[in-house]
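One structure is given below, encoded as structure tokens.
In this text the structure is predicted, and so the values were computed from the model without any measurement. Every chain is numbered from 1, with letters handed out A, B, ... down the list of sequences.
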Number of protein chains: 2
Amino acid sequence: MARRTKEDAQKTRELLIEAAENVFFEKGVSKASLNDIAVAAGVTRGAIYWHFKNKHDVFEAMIERLKTPLEMLHDAIEHPDEPDPLGRFRELIIYLTQQISRDPRRRRVYEIMFLKCELTEQNEPLGSKHRQAFLDGTVRIRKALESALKRGQLPADINIEQAIVQLHVQLTGLIYMWLLLPGSFDFEREAEHIIDTYFYALQHCFGADGLTCGG
Amino acid sequence: MARRTKEDAQKTRELLIEAAENVFFEKGVSKASLNDIAVAAGVTRGAIYWHFKNKHDVFEAMIERLKTPLEMLHDAIEHPDEPDPLGRFRELIIYLTQQISRDPRRRRVYEIMFLKCELTEQNEPLGSKHRQAFLDGTVRIRKALESALKRGQLPADINIEQAIVQLHVQLTGLIYMWLLLPGSFDFEREAEHIIDTYFYALQHCFGADGLTCGG
DNA sequence: CTATACATACATTCGTGTATGTATGTATCA
DNA sequence: TGATACATACATACACGAATGTATGTATAG
């Protein structure tokens with residue numbers, strides 16, 4: 001029971017990441033031992049130390065495997081020929097939320113990152129990655145809104161920074177709350193409601209100095 | 001170095017909780033050892049095991065110390081004689097967000113609970129408490145909105161469930177994002193913006209079947 | 001034959017829980 | 001009022017398991 005073919009080794013690696021996902025999910029990242037992961041994958045710690053440096057390395061590999069091919073969609077939104085960037089952006093957000101609610105693996109990893117993982121200074125660069133993911137999200141939202149603005153899909157006097165934060169906040173809260181209390185509401189339904197309300201408010205309520213249309 | 005007066009003992013207990021807050025914050029709950037906490041408090045583990053059962057017990061004591069006297073304010077909102085429940089509710093939310101941003105201890109504990117603590121099944125009843133806090137929040141939001149509804153401050157055909165989720169989601173996301181990226185926006189400012197936009201949308205956009213006034 | 005892909009064995013560290021030691025506060029009684 | 005007895009508030013010491021990293025063994029693919 002030793003060295004098999006190259007593909008078998010790669011398969012073992014995938015198995016280990018899969019097992020790590022499950023163990024991280026069940027016990028939390030810090031209480032998950034490498035032995036737990038190895039046993040869950042049907043191997044020993046030797047296999048882990050062959051493929052990875054340590055637990056952090058396994059964790060990062062798990063995250064890396066989830067790198068989304070969403071960039072293309074973002075590129076489409078930002079393309080100057082796109083006639084309806086706001087519509088594409090809406091579609092993208094819907095797609096993102098559907099991904100989270102329908103792809104079990106993605107959901108598991110999100111749940112691990114939001115609820116079963118400690119972001120401390122000692123645990124860097126774990127927190128940095130998480131933060132960077134959020135900063136990237138901000139950049140994407142900004143680009144999308146700016147494209148929509150250039151296309152005349154948004155009021156010219158809109159407060160972009162405020163709009164960015166508000167959308168990001170709502171998506172973050174939506175995902176967090178659903179991961180924490182999955183049964184408390186219909187995720188995809190609420191996602192649509194929130195996005196539509198947000199876009200409506202974008203059209204009517206975001207003057208340069210806060211709420212300018214009522215209240 | 002032994003038994004001092006009752007008040008001294010109580011002081012030691014407070015010191016230990018204070019130290020635990022700092023150590024939890026710096027190292028994360030699971031990587032914080034009881035020795036770390038004891039040293040940070042200038043005592044030994046013996047003192048901890050005298051005052052608490054184990055690390056979980058320390059954690060719960062830390063949470064317990066934060067129990068807010070917000071109930072009174074909620075009671076005021078729900079009081080049938082209150083002429084402006086929606087206004088009081090807005091004040092309450094503003095007050096809550098100000099508390100988080102201005103009280104360092106409260107902020108630290110929130111940060112520990114959101115970012116530096118793993119909510120797993122094995123870690124119960126830690127996750128249960130966190131979830132229960134959210135469920136309590138839902139109940140409070142519902143009561144406030146219902147009071148406002150009875151007072152005629154909201155459209156009669158409003159979709160209450162949707163409104164509850166949307167507010168809770170926004171507050172959650174706001175707090176989470178600010179704890180994760182404190183420098184990325186002005187917390188109190190955005191809190192007001194979000195609340196005002198939300199209340200405006202409440203007045204105009206929440207028909208029984210989603211968005212009914214535009215988009 | 002040699003590097004690979006693991007399994008096995010070992011040493012070490014770290015955290016926990018508990019048992020025990022100890023000095024001081026406090027109540028009791030004379 | 002002072003001596004005694006006991007409870008309190010810790011500190012210290014010990015035993016144990018668990019997790020880690022590494023060193024080494026080993027069978028097989030190429």
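Contact annotation for A/Ser33: backbone-only contact, meaning every heavy-atom pair under 4.0 Å involves sugar-phosphate atoms and none involves a base.
Residue order along DNA chain D, read from the 5' end via each residue's closest nucleotide, puts B/Ile48 first among A/Glu7 and B/Ile48.
Side-chain atoms of A/Tyr95 and A/Glu91 form no donor-acceptor pair, as typed in the model, at a separation below 3.5 Å. Donor-acceptor pairing under 3.5 Å is recorded for the side chains of B/Glu118 and A/Ser30.
Look at CZ on B/Arg13: it is 12 Å from P on D/dA9, rounded to the nearest Å. Rounded to an integer number of Å, the gap from A/Asn35 CG to C/dA7 P is 11 Å. Computed from coordinates, the A/Lys55 NZ to D/dA19 C1' distance equals 9 Å when rounded to whole Å. Computed from coordinates, the A/His56 NE2 to D/dA19 C1' distance equals 16 Å when rounded to whole Å. Note: CG (A/Leu15) to P (C/dA5) measures 15 Å, nearest angstrom. Between the CG atom of A/Asp8 and the C1' atom of D/dA27 there is a distance of 14 Å, rounded to whole Å. Going from atom CZ of A/Arg45 over to atom C1' of D/dA18 covers 11 Å, rounded to whole Å. Taking atom CD1 of A/Ile37 as the reference point, atom P of D/dG21 lies 12 Å away to the nearest angstrom.
The phosphate of D/dC10 has neither OP1 nor OP2 within less than 4.0 Å of any side-chain N or O from B/Trp50. A sub-4.0 Å separation between OP1 or OP2 of C/dC6 and a side-chain N or O of A/Thr12 is present. Remark: B/Tyr49 is not in phosphate contact with D/dC10, judged by side-chain N or O atoms under 4.0 Å from OP1 or OP2. Residue B/His51 places at least one side-chain N or O under 4.0 Å from the OP1 or OP2 atom of D/dC10.
The residues A/Lys11 and A/Glu18 are annotated as not salt-bridged, no charged nitrogen and carboxylate oxygen being separated by less than 4.0 angstrom. Using a 4.0 Å cut-off between a side-chain N of Lys or Arg and a carboxylate O of Asp or Glu, A/Arg90 and A/Glu192 qualify as a salt bridge.
Taking every side-chain heavy atom of B/Leu34 into account, C/dT16 is the closest of D/dG21, C/dC6, C/dT16. Looking at the side chain of B/Ala47, the nearest of the listed nucleotides C/dT16, D/dA11, C/dA5 is D/dA11.
The local environment of CD in B/Glu121 is sparse, with at most 12 non-hydrogen atoms from other residues, nucleotides or ligands closer than 6.0 Å.
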